[in-house]
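The block underneath contains the structure these notes are about, expressed in structure tokens.
What's counted below: heavy atoms across the whole structure, side chains too, no hydrogens, waters or symmetry copies.
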Amino acid sequence: MPLLHKGVAMAAGRLPKVVKPRAHAVLDYMVIGSCLLGGALFWRRNKRAALGSLVCAGAAALNVMLTDYPGGTHPVIPYKLHGQIDAGLAGLTASIPRLMDFADEPEARYFGAQALAETAITGLTNFDYYDEGGPRDVDED
């Protein structure tokens, strides 16, 4: 899976940055929802996977809430830093199965797929949008 993850990151990095802040916020909330759903679905059969998924949801939610963009509630960190944190969270998501010792169990595949999705979203997002003069107060989509 790490090779596939690296390939997605390289491909997304070369594609045009088409995801604007508002769309990125929606995608961020979808990632959070997916992690929460994973935590609920894994709860009965694999507590470690469930807790790992909930940790990912909490970390992503904290990143969203503290970012100065349409999805944020407490604008503390700049949008560009949000992107760097997103990249780190994708790595964390991919690492959870090994860190929590369930890498050989079926639930580990979910974390690999989730990390790929997060990497693709991050790679396709224009984190320089506001630096390039993009509007903050109007609907940019």
Ignoring hydrogens and geometry beyond distance, is a side-chain donor-acceptor pair present between His82 and Asp68 at under 3.5 Å? no
Is it the case that the side chains of His24 and Asn126 hold a donor-acceptor pair, with the cut-off being a distance below 3.5 Å and no angle test? no
Can you measure from [atom1] ([X]) to [atom2] ([Y]) and round to the nearest 0.5 angstrom?
X: Ile96; Y: Asp101; atom1: CD1; atom2: CG; result: 12.5 Å
X: Glu118; Y: Leu92; atom1: CD; atom2: CG; result: 8.5 Å
X: Tyr129; Y: Tyr79; atom1: OH; atom2: OH; result: 9.5 Å
X: Lys80; Y: Ile85; atom1: NZ; atom2: CD1; result: 14.0 Å
X: Leu36; Y: Cys56; atom1: CG; atom2: SG; result: 10.5 Å
X: Ser34; Y: Gln114; atom1: OG; atom2: CD; result: 3.5 Å

[X] and [Y]: same hydrophobic cluster, using ILVMFWY side-chain contacts below 4.5 Å?
X: Ile77; Y: Phe127; result: yes
X: Val64; Y: Leu54; result: yes
X: Val55; Y: Leu66; result: no
X: Leu62; Y: Val76; result: yes

Surrounding CZ of Arg45 (heavy atoms of other residues, nucleotides or ligands, distance under 6.0 Å), is the total greater than 12? yes
Give a yes or no on whether Met65 atom CE has more than 12 heavy-atom contacts from other residues, nucleotides or ligands under 6.0 Å away. yes
Which residues, ordered by chain and number, are linked to Leu37 in its hydrophobic cluster, where ILVMFWY side chains connect at heavy-atom gaps below 4.5 Å, directly or through other members? Leu41
Do you know which two heavy atoms are closest between [X] and [Y], and how far apart they sit?
X: Ala108; Y: Ala103; value: CB-O, 3.6 Å
X: Ala57; Y: Ile32; value: CB-O, 4.0 Å
X: Ala59; Y: Leu89; value: CB-CD2, 3.5 Å
X: Pro70; Y: Tyr130; value: CD-OH, 3.2 Å
X: Thr93; Y: Ala115; value: CG2-N, 3.9 Å

Does anything in residues 26-50 pair up under ring-ring contact (aromatic ring centres under 6.0 Å, His included), and if so which pairs, sequence neighbours excluded? Phe42-Tyr110
Pick from Asp86, Leu116, Val31: which one makes a side chain to side chain contact (heavy atoms under 4.5 Å, CB included) with Ile121? Val31
Sub-4.5 Å side-chain heavy-atom contact between Asn46 and Glu105: yes
Just by modelled atom types, is the Ala49 backbone N or O under 3.5 Å from a matching donor or acceptor in the Ser53 side chain? no
Any donor-acceptor pair under 3.5 Å linking the side chain of Asp128 with the backbone of Asp131? no
Between Glu107 and Arg48, is there a side-chain N and carboxylate O pair less than 4.0 Å apart? no
